Amino acid sequence: MAGTGVFADVLDGEVYKYYADGEWRASASGKTVAIVNPTTRQTQYRVQACTQEEVNKVMDAAKVAQKAWARTPLWKRAELLHKAAAILKEHKTPIAECLVKEIAKPAKDAVSEVVRSGDLVSYTAEEGVRILGEGKLLVSDSFPGNERNKYCLSSKVPLGVVLAIPPFNYPVNLAVSKIGPALIAGNSLVLKPPTQGAVAALHMVHCFHLAGFPKGLISCVTGKGSEIGDFLTMHPGVNCISFTGGDTGIAISKKAGMVPLQMELGGKDACIVLEDADLDLVAANIVKGGFSYSGQRCTAVKVVLIMEAVADTVVEKVNAKLAKLKVGPPEDDSDITPVVTESSANFIEGLVMDAKEKGATFCQEYRREGNLIWPLLLDHVRPDMRIAWEEPFGPVLPVIRINSVEEGIHHCNASNFGLQGCVFTRDINKAIMISDAMESGTVQINSAPARGPDHFPFQGLKDSGIGSQGITNSINMMTKVKSTVINLPSPSYTMG
Ligand SMILES: NC(=O)C1=CN([C@@H]2O[C@H](COP(=O)(O)OP(=O)(O)OC[C@H]3O[C@@H](n4cnc5c(N)ncnc54)[C@H](OP(=O)(O)O)[C@@H]3O)[C@@H](O)[C@H]2O)C=CC1
Ligand SMILES: O=C(O)[C@H](O)COP(=O)(O)O
């Protein structure tokens with residue numbers, strides 16, 4: 001159970017502590033932040049509202065710990081990460097319980113998130129050993145005007161203190177996707193978890209604590225992003241920011257200092273369906289892609305652009321599948337569960353009402369109880385409707401009928417987002433050409449968008465992000481190249 005057994009140290013009465021200098025602590029602020037259960041809409045947990053002074057101390061400790069960690073052999077760093085991964089997987093049940101209560105993640109998916117996170121950490125340890133163990137040797141005579149009298153040795157060195165800010169929808173997995181790469185590369189790590197999801201994240205951090213990482217190397221400060229976010233992201237002690245979330249990331253990019261940024265932001269992932277597609281496959285992927293975790297995935301299918309000739313058939317198949325989805329609480333492992341907050345539900349409802357006023361066809365009756373919104377397919381959506389462009393982050397999916405592939409590509413590329421997209425066709429040549437034409441970080445052929453497997457590159461264009469994630473890319477991003485040049489008194493050539 002959450003907050004008990006090995007996790008008892010994390011809890012202080014009814015409030016979860018924050019983690020600094022290798023210890024669980026109560027904030028001197030005396031203030032707490034409530035985490036509201038999306039299903040019951042009652043306060044489920046409370047976390048500390050950390051002060052600026054506490055953030056300063058965490059940054060100081062992170063700086064000191066990083067210096068020693070950077071000198072810790074790579075294999076030892078990897079060993080500790082493997083240990084943390086095993087502990088995380090061992091304690092998947094209480095951590096998953098937090099995900100169910102804090103973010104209404106369906107019970108089975110909550111367990112999968114924790115297991116996937118353990119696997120991600122282990123893979124990161126292995127990948128780090130491989131890629132950080134290699135450097136480059138350059139010789140000078142490849143550049144005009146030079147003889148071979150300079151040898152340049154370059155390798156990757158850590159950046160320093162990495163600030164990690166994940167979103168509510170994967171508070172564990174999108175935290176470790178930043179923590180793992182930062183640590184294996186020799187950085188220290190300060191985590192600011194999302195408020196909804198903070199308790200799951202604190203439990204995950206405790207698994208790193210139990211693994212025996214040095215004091216101060218990992219810290220976790222809690223509090224509302226709107227209150228301590230700016231102080232953290234603009235803190236002079238931060239050497240790199242890895243953020244996943246919404247438009248907040250755009251604001252952070254404008255305020256942050258001269259530090260490397262990794263930003264994974266929103267998306268409006270388009271699903272383009274051609275006449276020759278396998279329509280059963282299309283319907284299955286629209287339902288899985290658009291409605292799993294109630295559409296609260298940045299990689300969810302967020303607009304279907306379908307050729308008119310096959311639209312009726314696909315809409316009918318999708319509706320038949322939607323009718324079978326289980327709607328209800330996450331504890332029952334329902335397919336559709338309450339969305340994360342009331343304001344999120346209100347926002348989704350606003351998009352639905354706008355589409356209604358402008359004449360979209362409702363394939364199901366719109367139904368909402370509290371934060372629970374029943375799955376809804378909106379057909380005959382037109383570009384003048386907000387839902388054609390905005391990301392609902394909920395179980396509501398617009399269908400736009402198109403008469404040419406170009407029309408679909410045009411709609412996709414007119415979006416300010418460019419995270420992922422997908423195309424369904426049996427013609428691989430057409431699929432490749434459409435993929436090349438779509439302005440998005442990844443295009444899936446004959447499957448719904450997805451970030452995983454976690455070692456694949458994952459990136460967004462335009463307002464969807466800066467840089468690229470995925471295990472290898474994140475390790476590289478959290479390092480910089482350091483060169484040492486050996487200057488010989490006279491040119492030297494091998495073999496004669
Ligand atoms: N591309 C991707 O990989 C993903 C993108 N997303 C996008 O994220 C959005 C939904 O996630 P959500 O969590 O609501 O996103 P938000 O941008 O609201 O929050 C993300 C994180 O930022 C924190 N935060 C809030 N304000 C600040 C601030 N001023 N400075 C620093 N940090 C701050 C939040 O903390 P707090 O909770 O305390 O406010 C949270 O930890 C959607 O737009 C979705 O598309 C989501 C997942 C993945
Ligand atoms: O946060 C998100 O929504 C993701 O990064 C998507 O991950 P997924 O494709 O594995 O669900």
Side-chain angles (χ1 to χ4, degrees), residues 1-27 32-33 35 44-50 54 57-58 61-62 65 69 77 79-103 105 110-111 113-122 124-125 162 164-166 168 170-180 182-184 188-223:
M1 209 184 137
T4 62
V6 291
F7 295 108
D9 283 352
V10 187
L11 192 57
D12 179 23
E14 300 209 320
V15 186
Y16 282 88
K17 296 186 226 170
Y18 76 103
Y19 186 63
D21 218 12
E23 284 176 8
W24 291 100
R25 295 180 176 176
S27 169
T32 62
V33 178
I35 295 167
Q44 181 76 42
Y45 303 121
R46 284 191 174 276
V47 291
Q48 310 289 328
C50 291
E54 283 157 354
K57 285 194 176 140
V58 153
W69 182 243
R77 291 185 223 155
E79 200 172 71
L80 277 177
L81 283 169
H82 281 301
K83 204 169 162 192
I87 297 171
L88 191 58
K89 284 163 88 168
E90 186 190 338
H91 297 293
K92 60 181 187 288
T93 309
I95 303 176
E97 176 198 320
C98 302
L99 294 171
V100 168
K101 303 289 182 205
E102 286 182 287
I103 60 164
K105 186 160 275 199
V111 172
E113 176 173 346
V114 183
V115 174
R116 172 184 181 180
S117 300
D119 291 338
L120 189 157
V121 173
S122 288
T124 305
V162 175
I165 307 182
F168 80 84
Y170 283 95
V172 175
N173 185 264
L174 283 171
V176 299
S177 73
K178 304 171 190 314
I179 296 173
L183 296 183
I184 194 68
S188 56
L189 191 287
V190 176
L191 174 68
K192 150 58 193 118
T195 294
Q196 298 292 141
V199 175
L202 291 168
H203 281 68
M204 174 272 295
V205 168
H206 193 56
C207 296
F208 283 78
H209 171 81
L210 293 173
F213 281 88
K215 275 167 66 168
L217 189 70
I218 308 167
S219 333
C220 183
V221 286
T222 50

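Throughout, residue positions are numbered sequentially from 1 according to the sequence presented. On a predicted model such as this, the values are computed, not experimentally measured, just so you know.
Between Leu88 and Met204, the closest heavy-atom pair is CD1-CG, 3.8 Å. For the residue pair Leu81 and Gly180, the shortest heavy atom distance occurs at CD1-O, 4.0 Å. In plain terms, the two heavy atoms of Leu183 and Ser188 that are nearest each other are CD2-CA, 4.5 Å. Between Ala96 and Ala110, the closest heavy-atom pair is O-CB, 3.6 Å. Minimum heavy-atom separation, Ala2 to His203: CA-NE2, 3.6 Å. In terms of heavy atoms, Gly223 sits closest to Val33 at CA-CG2, 4.1 Å.
Although no hydrogens or angles enter the test, the distance criterion places no donor-acceptor pair under 3.5 Å between the side chain of Gln48 and the main chain of Thr222. Between the side chain of His82 and the main chain of Ala125, no donor-acceptor pair closer than 3.5 Å is present.
Annotation: salt bridge (Lys or Arg N to Asp or Glu O under 4.0 Å) contacts involving residues 8-17, sequence neighbours excluded, are absent. For residues 85-98, the pairs satisfying salt bridge (Lys or Arg N to Asp or Glu O under 4.0 Å) are Lys89-Asp119, with sequence neighbours left out.
Judged as a salt bridge (charged side-chain N to carboxylate O under 4.0 Å, His left out), and not counting sequence neighbours, Glu102 has no contacts. The side-chain hydrogen bond (donor to acceptor under 3.5 Å, both in side chains) test applied to Arg77 returns no partner, not counting sequence neighbours. Thr195 meets the side-chain hydrogen bond (donor to acceptor under 3.5 Å, both in side chains) test with no other residue; sequence neighbours excluded. Every salt bridge (charged side-chain N to carboxylate O under 4.0 Å, His left out) that Lys101 has, sequence neighbours left out, goes to Glu331. With sequence neighbours excluded, the residues forming a side chain to side chain contact (heavy atoms under 4.5 Å, CB included) with Ala85 are Val121, Ser122, listed by chain and number. Annotation: ring pair (Phe, Tyr, Trp, His ring centres under 6.0 Å) contacts of His91 (sequence neighbours excluded): Phe7. Partners of Ser219 under the side-chain hydrogen bond (donor to acceptor under 3.5 Å, both in side chains) rule, at least two apart in sequence or in another chain, do not exist in this structure. By the ring pair (Phe, Tyr, Trp, His ring centres under 6.0 Å) test, Tyr170 pairs with no residue at all, sequence neighbours left out. Shown here are the side-chain hydrogen bond (donor to acceptor under 3.5 Å, both in side chains) partners of Gln196, two or more places apart in sequence or in another chain: there are none.
When side chains are defined from C-beta on, Val114 counts as touching Leu99, because their heavy atoms get closer than 4.5 Å. Side-chain contact check for Pro171 versus Pro166: every heavy-atom pair is 4.5 Å or farther apart. Proximity of Val47 to Val15: side-chain heavy atoms (C-beta onward) are nowhere separated by under 4.5 Å. Inter-residue side-chain proximity for Val172 and Ile95 is flagged as met; some heavy-atom pair is nearer than 4.5 Å. You'll find the side chain of Pro214 reaches within 4.5 Å of the side chain of Trp69, heavy atoms only.
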side-chain contact (heavy atoms from CB on, under 4.5 Å) between Ile35 and Val199, intermediate numbers included: CA-CA 9 Å; Ile35 295 167; Val199 175; 3.7 Å; yes
Just distance, no hydrogens or angles: give the donor-acceptor pairs under 3.5 Å from side chains in residues 18-25, sequence neighbours left out.
{"unit_1": "Tyr19", "atom_1": "OH", "unit_2": "His209", "atom_2": "ND1", "d": "2.7"}
{"unit_1": "Glu23", "atom_1": "OE1", "unit_2": "Arg25", "atom_2": "NE", "d": "3.2"}
{"unit_1": "Glu23", "atom_1": "OE1", "unit_2": "Arg25", "atom_2": "NH2", "d": "3.4"}
{"unit_1": "Trp24", "atom_1": "NE1", "unit_2": "His206", "atom_2": "ND1", "d": "2.9"}

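For the atom pair SG of Cys207 and CD1 of Ile87, the computed distance is 6.5 Å after rounding to the nearest 0.5 Å. In this structure, the separation between CG on Leu120 and CG on Leu174 is 9.0 Å, given to the nearest 0.5 Å.
Ring geometry, Phe213 versus Phe208: the interplanar angle falls from 30° to 60°, so the pair is classed tilted.
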